[in-house]
Amino acid sequence: MDRRQFASATLAATLAPTLVGRQAVAAERSQRFTLNYAPHFGMFARSAGDDPLDQLRYAADQGFRAWEDNPMKDRPVEQQSAIAKEMERLEMKMGVISALKGIWNAVNFSGDNQTARDEIVNTMRGIVDVARRVNATYLTVVPGLVDPKLPRDYQMANCIDLLKRCCDVVEPHGLVMVLEPLNRKTNHPGVLLHSSPQAYLICKAVGRDSCKILFDIYHQQITEGNLIPNIDRCWDEIAYFQCGDNPGRREPGTGEINYRTVFAHLHRRGYAGIMGMEHQNAGKGIEGEAAVIKAYRDVDPEPVA
Ligand SMILES: O=C(O)C(=O)CO
């Protein structure tokens, strides 16, 4: 090889990894999903292994750009920090963490008991540090159970009043409580908040940027159906979505909801927030996990030009 050949071979060898690297990045970007679907820990454990950070890396490689972890506050602080650091490196957005894990399933927001109400405010104070540590903005809030001793309107007034106190805690930190109506028919009999009009009324009455709706499409399909008109009616108060098909609460395509149409509608309306994948996998093992990813590919909207 003469000097010129050697120089150009050396140049090619130097450039090759750069080009390969760029192509790889481009390929990875092109396979990113249009919507910000957010899986959770365990969903890809067979493919990625038990290490939570490996699960994040695996999801990023599959084109996911967000993640959610309702149980976050129960994790050791070091693990919370490691998760946040890895998500920053992978440019993934943190979705919801639960504000009231462990105490939501009781009469609290609806009732008159001052101790139970104060416990909610104190718990809300405690979640602020966790949220800031993991770069979370959205806090799942389920406002407890109905109080059978009180007429419904007093319960609603109590709920609104307590949410205002909670806003005072989280709002200065830029955090947003997202109120999640849950279905009473299949999963959560007895919850106070179950319908989207009720969530809308509460958010309007609270009237704060830190109190919005988490519209879980699975729960709302069971409670009221009529998904697209109800989403449109609540649009200005919705800050976060979750999904899951019905019956069974598994990935899109395993039930009755036309997710292709619903997601296309959200995308057309410019929804750029997170879509939490709050469901189980229909299939088992690595095949089941691959089926989840394919299910989201099948219903992901074409990017609007
Ligand atoms: O069922 C749900 O969606 C819940 O978040 C209950 O915790």
Side-chain angles (χ1 to χ4, degrees), residues 36-43 66-75 94-110 116 119-120 123-124 126-127 130-131 134 136-146 159 162-163 166 170 175-196 198-200 202-203 211-225 227 230-231 234 237-252 254-257 259 262 273-282 292:
N36 291 316
Y37 306 111
H40 50 79
F41 291 115
M43 199 159 226
W67 195 262
E68 63 176 25
D69 187 44
N70 265 323
M72 181 65 86
K73 76 171 180 173
D74 292 345
R75 297 185 184 280
M94 178 59 82
V96 279
I97 63 172
S98 173
L100 304 174
K101 184 167 181 297
I103 67 162
W104 70 268
N105 204 2
V107 177
N108 36 51
F109 284 82
S110 61
E119 189 188 7
I120 294 290
T123 307
M124 205 61 79
I127 198 75
V130 180
V134 301
T137 300
Y138 300 104
L139 308 172
T140 310
V141 170
V142 174
L145 304 183
V146 293
C159 176
L162 186 51
L163 283 167
C166 294
V170 302
L175 302 176
V176 179
M177 296 183 295
V178 280
L179 309 184
E180 183 178 9
L182 302 176
N183 81 78
R184 290 170 170 174
K185 296 174 183 165
T186 306
N187 304 96
H188 302 288
V191 288
L192 176 71
L193 178 59
H194 63 112
S195 76
S196 57
Q198 195 190 6
Y200 188 76
I202 292 173
C203 289
C211 184
K212 295 286 164 188
I213 300 174
L214 188 176
F215 194 107
D216 185 319
I217 297 166
Y218 162 77
H219 285 302
Q220 291 329 116
Q221 167 69 3
I222 295 171
T223 301
E224 58 205 11
L227 290 166
N230 283 327
I231 288 169
C234 292
E237 295 293 343
I238 297 175
Y240 197 99
F241 282 92
Q242 286 177 331
C243 60
D245 219 333
N246 182 63
R249 206 171 189 181
R250 312 271 199 253
E251 64 266 23
T254 56
E256 65 191 1
I257 302 176
Y259 268 107
V262 175
I274 292 175
M275 175 64 64
M277 298 159 57
E278 201 185 25
H279 58 77
Q280 299 299 311
N281 301 354
V292 169

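Indexing begins at 1, ligand by ligand and atom by atom, following the structure's order. Any value given below was found using the heavy atoms of this structure, including those in side chains, with hydrogens, waters and symmetry copies removed.
Of the protein's non-hydrogen atoms, the one nearest atom 1 (O) of ligand 1 is H188 NE2, 2.7 Å. Of the protein's heavy atoms, W104 CZ2, 3.6 Å lies nearest to atom 7 (O) of ligand 1.
Between W104 and H188, the ring-plane angle classifies as perpendicular under the 30° and 60° cut-offs.
Contacts between L182 and ligand 1, counted as non-hydrogen atom pairs separated by less than 4.0 Å, involve the side chain only. When non-hydrogen atoms are compared, ligand 1 lies under 4.0 Å from the side chain of R249 (C-beta onward) but not from its backbone. Counting heavy atoms under 4.0 Å from ligand 1, residue E278 touches it through the side chain alone.
Atom SG of residue C159 and atom CG of residue L179 lie 7.0 Å apart, to the nearest 0.5 angstrom. In this structure, OG1 on T186 lies 6.0 Å from CG on N246, to the nearest 0.5 angstrom.
Within the 4.0 Å heavy-atom shell around ligand 1 one does not find K101.
Of the charged side-chain nitrogens involved, at least one lies within less than 4.0 Å of a carboxylate oxygen, so that D216 and R249 count as a salt-bridged pair.
Some N or O of E180 is nearer than 3.5 Å to an N or O of ligand 1, by distance alone.
Remark: ligand 1 atoms within the under-4.0 Å shell around heavy atoms of H219 are 1 (O), 2 (C), 3 (O).
You'll find the side chain of L192 stays beyond 4.5 Å of the side chain of L145, heavy atoms only.
Within a 6.0 Å radius of CD in E224, more than 12 heavy atoms belonging to other residues, nucleotides or ligands are found.
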